[in-house]
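Some notes on the structure that comes next.
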Amino acid sequence: GGEADGIVLTSTGLIATSYSRIRGDSRPPTDGFELRVAVDGHDAVPATIVGTNEDADLALVSASAALPLSVATPGSPVRVGDVLTLLDDQGGNQPIVGIGVTVKATDRVCSRAGSMARPTGFGFSLSVASAEPGAALVRADGTVVGMYYGGDDAAHHCAIPIADILQAA
């Protein structure tokens, strides 16, 4: 498996994240696979995969032992030119930073090296070397508009719209 960020969908600890990142090379995760999540900066606790949608690169994870302090509020669909913030911990459960991005395309087929899923999302450039799939993209008002999927290079990154995540959930 691997590391991924996630978006807390409910106050009972249901989290959306990248299926391919937590799956790693095994399909499904093998016996002995242990999933742990850290919610709101707390210590990592055991979690369970409760649903997947490989086509949307979505895993739903239950972490009821660590009830979240906040839950995502879905925002309206994005348009070309919208300025958003990618909330990412840059790996290793580091403090979350906000990375400004501008939407360059909508209804774009997402791609990421090594991933089999190709969901449709919105595209943007990224000014940092990398970000963790599963990270939230938010508007200035704090509403979540997408979940970071990944990209092939600095100019071509993609996020899955929050409406698609909620529908797949």
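Position 1 is the first residue of the sequence; numbering continues from there. Since the model is a prediction, treat every value here as computed from it, not as a measurement.
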Looking at every heavy atom in both Val71 and Ser11, which two are closest together, and how far apart are they? CG2-N, 3.5 Å
Tightest non-hydrogen contact, residues Ala168 and Asn53, listed as CB-ND2, 3.6 Å
May I ask you to test the Ile162-Asp164 pair for a side-chain heavy-atom distance under 4.5 Å? no
Minimum heavy-atom separation for Val61 and Ala47, please, with both atom names. CG1-CB, 3.5 Å
Applying side-chain contact (heavy atoms from CB on, under 4.5 Å) to Ser111 and Arg118, what does each step give before you reach the verdict? CA-CA 6 Å; Ser111 64; Arg118 298 284 188 260; 4.1 Å; yes
Could you tabulate the donor-acceptor pairs under 3.5 Å formed by side-chain atoms of residues 135-149, not counting sequence neighbours?
from   : atom 1 : to     : atom 2 : distance (Å)
Arg139 : NH1    : Asp82  : OD2    : 3.2
Arg139 : NH2    : Ser76  : O      : 2.9
Arg139 : NH2    : Ser76  : OG     : 3.4
Arg139 : NH2    : Pro77  : O      : 2.8
Asp141 : OD1    : Thr143 : N      : 2.9
Asp141 : OD1    : Thr143 : OG1    : 2.7
Tyr148 : OH     : His157 : ND1    : 2.5
Tyr149 : OH     : Ser115 : OG     : 2.9
Tyr149 : OH     : Ala117 : O      : 2.5

Side-chain touch Leu9/Leu60, heavy atoms, less than 4.5 angstrom: yes
Does one hydrophobic cluster hold both Val103 and Val83, with members joined at side-chain heavy-atom distances below 4.5 Å? no
For residues Ala16 and Leu58, report the shortest heavy-atom separation together with the two atoms involved. CB-CD1, 3.7 Å
Taking side chain as C-beta onward, heavy atoms only, is Lys104 less than 4.5 Å from His156? no
Do Val80 and Phe124 sit in one hydrophobic cluster, given that two such residues count as connected whenever their side-chain heavy atoms are within less than 4.5 Å of each other, even indirectly? no
Would a hydrophobic clustering, with Ile, Leu, Val, Met, Phe, Trp and Tyr connected at side-chain separations under 4.5 Å, put Val50 with Leu166? yes
Can you tell me how far OG of Ser62 sits from CD1 of Ile49, rounded to the nearest 0.5 angstrom? 11.5 Å
What is the minimum heavy-atom distance between Ser20 and Asp57, and which atoms define it? N-OD1, 2.7 Å
Could you report the tightest heavy-atom contact between Ile160 and Ala56, atom names first, then the distance? CD1-O, 3.2 Å
Test Ile7 against Thr17 for side-chain contact (heavy atoms from CB on, under 4.5 Å), laying out the working first. CA-CA 7 Å; Ile7 300 171; Thr17 191; over 6 Å; no
Do Thr85 and Val101 come close enough that some side-chain heavy atom pair is under 4.5 Å? no
Do Ile99 and Ser127 touch side chain to side chain, with heavy atoms closer than 4.5 Å? yes
State, without any angle test, whether Thr120 and Asp107 hold a side-chain donor-acceptor pair at a distance under 3.5 Å. no
